[in-house]
Structure formats: structure tokens, C-alpha cells
There are 2 protein chains.
Amino acid sequence: MLSHTEENYLKALLKLSFESKSEEAGTNELAANLAVKPATATDMLKKLKEKGLVDYEKYGKISLTAVGKTSAIDIVRKHRLWETFLYSTLEFTWDEVHEVAEQLEHIQSAKLIDKLDKFLNYPQFDPHGDPIPNQKGEIKTQFKKTLAEIAAGKACRMVAVKDNSKSFLQYVVKVGLGLHHDIKVLTRQEYDALMEIKVNGIKSSITQKFAENIYVVCSNCAAGKPCTETIDCKQ
Amino acid sequence: MLSHTEENYLKALLKLSFESKSEEAGTNELAANLAVKPATATDMLKKLKEKGLVDYEKYGKISLTAVGKTSAIDIVRKHRLWETFLYSTLEFTWDEVHEVAEQLEHIQSAKLIDKLDKFLNYPQFDPHGDPIPNQKGEIKTQFKKTLAEIAAGKACRMVAVKDNSKSFLQYVVKVGLGLHHDIKVLTRQEYDALMEIKVNGIKSSITQKFAENIYVVCSNCAAGKPCTETIDCKQ
DNA sequence: AAAATTTGTTAGACTAGTCTAACTTTAATA
DNA sequence: TATTAAAGTTAGACTAGTCTAACAAATTTT
Ligand SMILES: [Mn+2]
Ligand SMILES: [Mn+2]
Ligand SMILES: [Mn+2]
Ligand SMILES: [Mn+2]
């Protein structure tokens, strides 16, 4: 049985493993992610190593063991299913769900999660477009680009967000954007990459920083036609 | 902000206050209820007193302050709404809900509970027949008797259970009983109060201990007719 | 009323999780 | 390569919550 705190460390390590191609993390990075001091993280890493959940040697890089990864994915599954429940069933907005799901993800009951999954009709993605791991712990990886990579004149469809912060999510709505919205890139400035886009007939100017936090697939893939990009967006 | 543990102490004190007419509790009693040692309860009582949640003097009786009671009722509200959700929406059985609700009741989000309440269509009673406090903290008290008090030859309807343990709840189902079932008391032995009852045409023998844990209202009240008992069952 | 029992408190210790301050190792850079 | 900077660890301390063992107060019984 894992404590609340241990679960949060595993989840943070999983997140960091997705963010680095080596699938490894550092102590400071981990500590920053959990809003604790590095000394605290070191202590916990010793415990998690002892429990066989992480691979870790003093002064070395950190990675999850198979067992640790399975636990971490299970927590992510719970988090995203709860977010989906809050959004779809209880009509929370997409910027409200994360905070509550952070608590709900620690509820221990396999039956609860399976029943919830069934009730929600086995959703594939959460309200932020992130994939929901299935019962086996498999995660559907969707190939996607950021809006910042889309050339002027091209069209695409928004499928997820990178930044999950309340302020960003509210800003996205304010600009008239949202998941599954079609976006036309009108112009892009050479100097600072400021883009002009059109969504539902409305034009907006967005910065590069903003565009880098919006995930899209190319217009053809979104429409179910053969992909015209080098990667298959929907693979 | 109350900790998980503090909330459990308040909830236990509320429960004990309902069980004694003086609405007071003792340290040992409290400790037993929470499965901790009396020394532990004493320590916590000092803290709760400090926070203004309980009235307590060394070697004296314990009671909740108005603030403490409000918090405790809020936790009970959450517990019972979650039990209702698990039972009605996710199809848990009535002996499975309590354990999970013990965890869910600590989730901090007023919005979540209000939305859940609305989603469930403002239920009045949980799967065990216990009243769900409303948003204002008001609890509907239903006048009811135990099955053990019903005379031979009389009919009644089951409205709640006293014992919430898994084993009792499963036993109730096995006997063919359940909430809202009509019960006819056929016989009662003078010697040991063993009762014979009929439910849905099926006869069963039940002990006094069992009967004391089943709450009923008299047949007339159940049918919406004037009450024939000294108290108004449905008051 | 005295003795015995029950009830409740205190003192001291332990674990989980956190911190600060000092220190060590590794990596980067001059 | 020697120095500096960054990353990571250790030591010691703190809080919340728990325990045991010894003690004190209140209640019940004789
Ligand atoms: Mn989230
Ligand atoms: Mn999400
Ligand atoms: Mn319950
Ligand atoms: Mn209940």
C-alpha cells in the first residue's frame, strides 16, 4: 500500500520521464515538481528505492522500475478518469477539474475506478486531450504538433493542451479556442513569431509561447484523409 | 482547514452525541470508536479544543461546539452523498459503499458536493436509510421503531438499518429483506423473542439482536394513512 | 467511608514527511 | 586542467499522529 505522498512522487517521476528522452529525472527537478526541497526528495527516493519502486543510486539519475511505473500509470488513469467525470458528468469547466482530481486520484478502490470507467463509457481522452490509460495500463500515444509548428496558410485541429494551468486554460477559452476546434493559421511574423489565427470565423493574435502550448493535428488527418505531413498525426 | 484525522474525530464525536441523550462523549469511548488508544484521543482533544471545535475540560465530558458540529455534519453529508452516488449511479451494493465513502468524504471541494447533490437529484436518504443533511446542515429526523418493537400480527415497512457493518448488511439481503420492504410479524417467542416474519411471501426466523438493527415505520404511516402508533412514524 | 475499579492524563518514544544549513560530488567553464 | 557553479546528500530539527507505561482522578462497590 502506497501513501498519498509516495503516490505523488511516483506520478511526478512518470511525468518527468515523459518529458526527457532518457526517461530519467534528477533530484532537484523532482523536488521542484512536487514543491518540496531537494533534501526531502532525497529522503523519499531512498524509501522508494527500498520499496523497489525506483532505480536510484546516490548522485545518479532516477527512473521508475516496472512496478513503480505501473503504479504511477494507475494514478494517472484515476486522475484523468476523475477529470472526465467532473467535466462530463458534473459540468465542471476544464480549468476546475485538475485541482479536485489531484485529491480524487488517491482514493483506493479498483472497483470504483472500473465502475467509473464503465459509467463514462470508457473515455479515451480527458478534458485536456490527454490520453487515459486503460485497465492494462496501456497509453494511447497520439502523434501531434504544436500550433507553433503550423505554417501560415495551413489549417489544423486542436486536440490537446500542453500547459494545464488554470490561467492558461481560461486564456484559451477567452481566445475562442477549445478542444476539437478547427484553426486556420493566417499569418506568422518573421520577427517574433506572432501568429494570426481564425477560429469559428473569429480572428485572434497569439504569441509563440501561447502557440507552443496548443497541440494540433493537421487538417487532413483531422478530416480522416491521408496525412500530408511527414508524420502521421493520428498514428 | 481540517486534516483528515481531525475530521474523523469530529465525525466520531457527532456520532457519539447522537447515541447519548446528553450529547456528550467520553475519551475511552471516542478512542474505541476511532480505533486508537485513549492517550491518543486525549492529545487530539487538546488540539481540537485549541481550535475551538470541541468543549472539553480535563477529566470532563466532551461535546462539539457549534463550529465543530457544523463541520462534522458537513462530513456526514459528504459521506452519505457519496454512498448514494456509489449505490445509485455506479451500482455498488449497499454493503460496499461505506468503505469507499470513508475515503471520499475527505475530498475538499464545496462545488463538487453541490454538483453531486444536484446530479443525484437532491436525495434525502442514503442506501442505508440514513438522512442526508442538506446544504444548510439540516438533518431530517424520521421517527421510527426497531423491528423488535413490533407486535405479532402487525405489519410494518423497513426504512433503515442501525448496524452498518458489511456482515449485517449481507445477512439482511440473505434473509430477503431490504429498504422499503413490507414486513409482516407472524409470531414472537416469549422465551427468547425469536420472531417469525414474512417478506414478499417468504417466511424467515430472526433473532432479537437482528430485529433491533432494523428500523421500521408502522404499516399505516408507510401507506400514508393516519398513524395508529403513539408517535407519528413519519413526523 | 474505604477499597476497588474504571476512566482519563502525562511523559517519553516512535514514524512519516518536511525543513535549514552545511557539506560533497559532478558538471561546466575559463 | 583548475576553478567555479550546479546538483545532490547528510545531519539535525520540527510537526502530526500514534503508541506504551506509569500515574491521577472519578466512580462504583463493598
Ligand atoms: Mn490534471
Ligand atoms: Mn488532464
Ligand atoms: Mn457509511
Ligand atoms: Mn450510510
Side-chain angles (χ1 to χ4, degrees), chain A residues 1-13 16-17 19-64 68 71-72 75 102-103 105-106 108, chain B residues 1-13 16-17 19-64 68 71-72 75 102-103 105-106 108:
Chain A
M1 184 100 314
L2 298 173
S3 75
H4 227 255
T5 312
E6 289 168 332
E7 289 192 339
N8 283 334
Y9 277 83
L10 294 183
K11 192 166 56 120
L13 284 170
L16 292 175
S17 83
E19 287 172 4
S20 86
K21 51 219 70 182
S22 69
E23 300 203 3
E24 291 177 320
T27 303
N28 286 358
E29 201 181 15
L30 174 61
N33 223 272
L34 290 160
V36 298
K37 301 296 171 185
T40 308
T42 300
D43 285 348
M44 181 57 85
L45 285 169
K46 287 179 189 166
K47 197 203 294 183
L48 294 176
K49 185 194 172 174
E50 204 52 47
K51 289 197 171 189
L53 297 164
V54 302
D55 285 323
Y56 163 70
E57 294 302 332
K58 207 197 256 193
Y59 293 109
K61 286 294 170 185
I62 311 150
S63 62
L64 291 166
S71 296
I75 301 160
E102 284 288 299
Q103 299 179 62
E105 71 190 6
H106 299 293
Q108 308 280 182
Chain B
M1 182 98 319
L2 298 173
S3 74
H4 226 254
T5 312
E6 288 168 333
E7 289 192 339
N8 284 334
Y9 277 83
L10 295 182
K11 191 165 57 117
L13 284 169
L16 292 174
S17 84
E19 288 171 5
S20 87
K21 50 219 69 175
S22 68
E23 300 204 2
E24 290 177 321
T27 304
N28 287 358
E29 200 181 16
L30 175 61
N33 223 272
L34 290 160
V36 298
K37 302 295 168 186
T40 308
T42 300
D43 284 349
M44 182 57 86
L45 285 169
K46 287 179 190 166
K47 198 203 295 183
L48 294 176
K49 184 193 174 175
E50 203 52 46
K51 288 196 172 189
L53 298 165
V54 301
D55 285 323
Y56 162 71
E57 293 302 333
K58 210 197 258 196
Y59 292 108
K61 286 295 170 187
I62 311 150
S63 61
L64 290 167
S71 296
I75 301 160
E102 285 288 300
Q103 298 179 61
E105 72 191 4
H106 300 293
Q108 309 279 184

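So you know, we letter chains A, B, ... as the sequences are listed, proteins then strands, and number each from 1.
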Using whole Å, what does the distance between atom P of nucleotide dT9(C) and atom CG of L30(B) come to? 11 Å
Check nucleotides 10-15 of chain D against the protein and report each pair of N or O atoms closer than 3.5 Å, with its distance, or say if there are none.
from    : atom 1 : to     : atom 2 : distance (Å)
dT10(D) : OP1    : K58(A) : NZ     : 3.0
dT10(D) : OP2    : K46(A) : NZ     : 2.7

Does dT6(C) have OP1 or OP2 under 4.0 Å away from a side-chain N or O of Y59(B)? no
Length of the CG-C1' vector between N28(A) and dG8(D), whole Å: 6 Å
If you round to the nearest 0.5 Å, how far is CG of D55(A) from CG of L48(A)? 11.5 Å
Quickly work out the Y9(A) OH to dA16(C) C1' distance and round it to whole Å. 11 Å
To the nearest Å, how far apart are E57(B) CD and dA25(D) P? 16 Å
Please list, chain by chain and in numerical order, all residues satisfying side chain to side chain donor-acceptor pair (under 3.5 Å) with K61(A), sequence neighbours excluded. none
Provide, to the nearest angstrom, the distance between the CD atom belonging to E7(A) and the P atom belonging to dA16(C). 16 Å
Side-chain donor-acceptor pairs of residues 20-38 of chain B under 3.5 Å, sequence neighbours excluded:
from   : atom 1 : to     : atom 2 : distance (Å)
S20(B) : OG     : S22(B) : OG     : 3.4
S20(B) : OG     : E23(B) : N      : 3.1
S20(B) : OG     : E24(B) : N      : 3.2
S20(B) : OG     : E24(B) : O      : 3.1
S22(B) : OG     : E24(B) : N      : 3.4
E29(B) : OE1    : G26(B) : N      : 2.8

Atom CE of M1(B) to atom P of dA16(D): distance rounded to whole Å? 15 Å
In this structure, how many angstroms lie between the P atom of dA6(D) and the CD atom of E29(A), rounded? 16 Å
Just how far is it from atom CD1 of I62(A) to atom OG1 of T42(A), taken to the nearest 0.5 Å? 8.0 Å
Checking dT20(C), dT18(D), dT20(D) against the side chain of K37(B) (C-beta onward), the nearest is dT20(D)
Stepwise side chain to side chain contact (heavy atoms under 4.5 Å, CB included) check, M44(B) with T40(B): CA-CA 6 Å; M44(B) 182 57 86; T40(B) 308; 5.9 Å; no
For a quick test of your reading: what N or O donor-acceptor pairs under 3.5 Å do the side chains of residues 1-12 of chain A make, sequence neighbours left out?
from   : atom 1 : to      : atom 2 : distance (Å)
S3(A)  : OG     : T5(A)   : N      : 3.4
S3(A)  : OG     : E6(A)   : N      : 3.1
E6(A)  : OE1    : S3(A)   : N      : 2.8
E6(A)  : OE1    : K51(A)  : NZ     : 3.2
E6(A)  : OE2    : K51(A)  : NZ     : 2.9
E7(A)  : OE1    : H106(A) : ND1    : 2.6
N8(A)  : OD1    : H106(A) : NE2    : 3.1
K11(A) : NZ     : E102(A) : OE1    : 3.3
K11(A) : NZ     : E102(A) : OE2    : 2.9
K11(A) : NZ     : E105(A) : OE1    : 3.2
K11(A) : NZ     : E105(A) : OE2    : 2.8

5' priority, DNA chain C, between E6(A) and G60(B) [closest heavy atom]: G60(B)
Those residues that, when tested against E50(A), pass salt bridge (charged side-chain N to carboxylate O under 4.0 Å, His left out) (two or more places apart): none
Consider the side chain of V36(A), meaning its heavy atoms from C-beta on, and name the nucleotide among dT18(D), dT18(C), dG8(D) that approaches it most closely. dT18(C)
Between CG of L48(A) and P of dA16(C) the distance, given in whole Å, is 12 Å
